[in-house]
There are 2 protein chains.
Amino acid sequence: MAAATLAAKAPEERRGRILRATIAVVRERGFAGTRVTDIAEAAGTSQGLVLYHFGSLAGALAASLTLLEDEFYEELERNLSEVVGPVPRLRHIAELGAGYGPAVGDWRLWLELWVRAIRDDGARAARESLDNRWRGALRQVVDEGLAAGVFAASDPKASVLRLAALMDGLAIQLALAEPGMTTGKFTELWWQSAVLELGISPAGEKTGPAGGRRKK
Amino acid sequence: MAAATLAAKAPEERRGRILRATIAVVRERGFAGTRVTDIAEAAGTSQGLVLYHFGSLAGALAASLTLLEDEFYEELERNLSEVVGPVPRLRHIAELGAGYGPAVGDWRLWLELWVRAIRDDGARAARESLDNRWRGALRQVVDEGLAAGVFAASDPKASVLRLAALMDGLAIQLALAEPGMTTGKFTELWWQSAVLELGISPAGEKTGPAGGRRKK
DNA sequence: CGGGTTATTGAACGGTTATTCAGGTTAGGC
DNA sequence: GCCTAACCTGAATAACCGTTCAATAACCCG
């Protein structure tokens, strides 16, 4: 019956596919370079459908931001639950930032988001939400460590702010493939700051970049 | 006849005016939102002239980047020569980053540059050059302090990298007007990191977040 | 099974914008 | 003073791209 057209899944499925395609295109071409055609092509649908579901290109971009948020939350949760104990967890964060996966592409996406947030309210809200969430996670790990007595910080709030900002700053260089900046270096540099900020004792500091390291 | 047209200064003057206008427009509208018309309007000339001098919109944007570099160099030089001694100089850098002037707008321009650098080679080169210059200045101050014995760092190179990255990271929040981030907080947060990284002795750390400032 | 609503398409439309161009104006060497 | 080349302009051109639209197809419900 009714010779199967290419795809006739639930409209929700198509909608989601378009959203995912949008993110993929933005990742590759940036917000400014993303056209309706690109999205349609990446999603395997027509331009018309993109507009049908989201009203406009801007609408599709905006909707994709909330998907981005959701996925970020999810992944963050999943990632941090893998590891227990303040020090390993902090270390894990250091490595997460560098990203063993396609992190460079992800950081580029964040850069795009920052710039878009300058002028687009939806993007501003998304990036603020993302940032708060991220900083909250960091904050939580720090509090955990303070409570356990393995971290020491005179002003934890400021330390968290600085560590979060440092990661963003380092990420810029990673995203732009600054010569000399690698994921390994990223992790190392950030971790050293964390050690400094939080007075982590050598015992807890298990993973050295190379060679011995001590404190006193 | 031919009543005097508005302006017939040297073509170099117009060229420069267009370049300056381009930067101004990019600052306000971003690279993506900058149109030839905007530049012409801001420069008080015709669209034709913009293209006449620079060949294309992309050409004008590219040319404006080198002007941006030049002006940055100049201003950096001028600014840092004002202050002597490692500690005051470092402190000055902390305040420069926060910017007592239109720094928010400037940081937004840097954000724009970063994103453009992802895909545009000219922008990439410009930002790398700018960044090296900036980091070099920081590095110089740090070396000065190490030589004078007022700073102590086990890995100065890493410290410089981190301090530079931290400034970028904090700048993002400043540029995006993150609630709670002010120029004062910016300076304070960065300065504390500098103190921590470089083991600045309390004597040198003259400026509290508020209160008087003096030197030995 | 109909009939109406929802999805989906591809082509047509229209606005915006970079670029081209033909024609003037200015400046400076001769 | 005049001639040529550099400068400058505003309008015409043309391409690109978001959006609209009329026509189908699929789905759902009674």
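Lettering follows sequence order; numbering is per chain, from 1.
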**Message:** Just the rounded figure in Å: distance from P of C:dT8 to CZ of A:R17.
**Reply:** 10 Å
**Item:** Between D:dC16 (P) and A:R29 (CZ): distance, integer Å
**Value:** 13 Å
**Complete:** Among the nucleotides D:dG18, D:dC8, C:dA18, whichever has the atom closest to the side chain of A:L57 is D:dG18
**Asked** Rounded to the Å, how far apart are B:L51 CG and C:dA18 P?
**Response** 9 Å
**Prompt:** Should the heavy atoms of other residues, nucleotides or ligands under 6.0 Å from CD of A:Q140 be counted, would the total exceed 12?
**Reply:** no
**Working for ring pair (Phe, Tyr, Trp, His ring centres under 6.0 Å), residues A:F72 and A:W110** = CA-CA 11 Å; A:F72 177 80; A:W110 298 143; 5.6 Å; yes
**Message:** If you count heavy atoms of other groups shown closer than 6.0 angstrom to CD of B:E71, is the number above 12?
**Reply:** yes
**Complete:** A:R35 CZ to D:dT19 P, in whole Å, measures 14 Å
**Item:** D:dC7 phosphate, OP1 or OP2, under 4.0 Å from B:R14 side-chain N/O
**Value:** no
**Message:** What is the distance, to the nearest angstrom, from the CD atom on B:E41 to the C1' atom on D:dT9?
**Reply:** 16 Å
**Item:** Cation-pi, A:Y73 ring and A:R133 (6.0 angstrom, 45 degrees)
**Value:** yes
**Asked** Are A:H53 and C:dT6 close enough that a side-chain N or O sits under 4.0 Å from OP1 or OP2?
**Response** no
**Request:** Report the nucleotide, chosen from D:dT19, C:dT9, D:dT9, that has the shortest atom-to-atom distance to any side-chain atom of B:T45.
**Result:** D:dT9
**Message:** Side chain of B:P11, heavy atoms from C-beta onward: which of D:dC7, D:dT19, D:dT9 has the nearest atom to it?
**Reply:** D:dC7
**Message:** Side-chain N or O of A:Y52 versus OP1/OP2 of C:dA7: is the shortest distance under 4.0 Å?
**Reply:** yes
**Message:** Whole angstroms only, please: what is the CG-P distance between A:D38 and D:dG18?
**Reply:** 8 Å
**Message:** With a sphere of 6.0 Å drawn around CD of B:E144, does it hold more than 12 non-hydrogen atoms of other residues, nucleotides or ligands?
**Reply:** yes
**Item:** Whole-Å distance separating the CD1 atom of B:I18 from the C1' atom of D:dC8
**Value:** 10 Å
**Message:** From CD of B:E12 over to C1' of C:dG28, roughly how many Å is that when rounded to an integer?
**Reply:** 17 Å
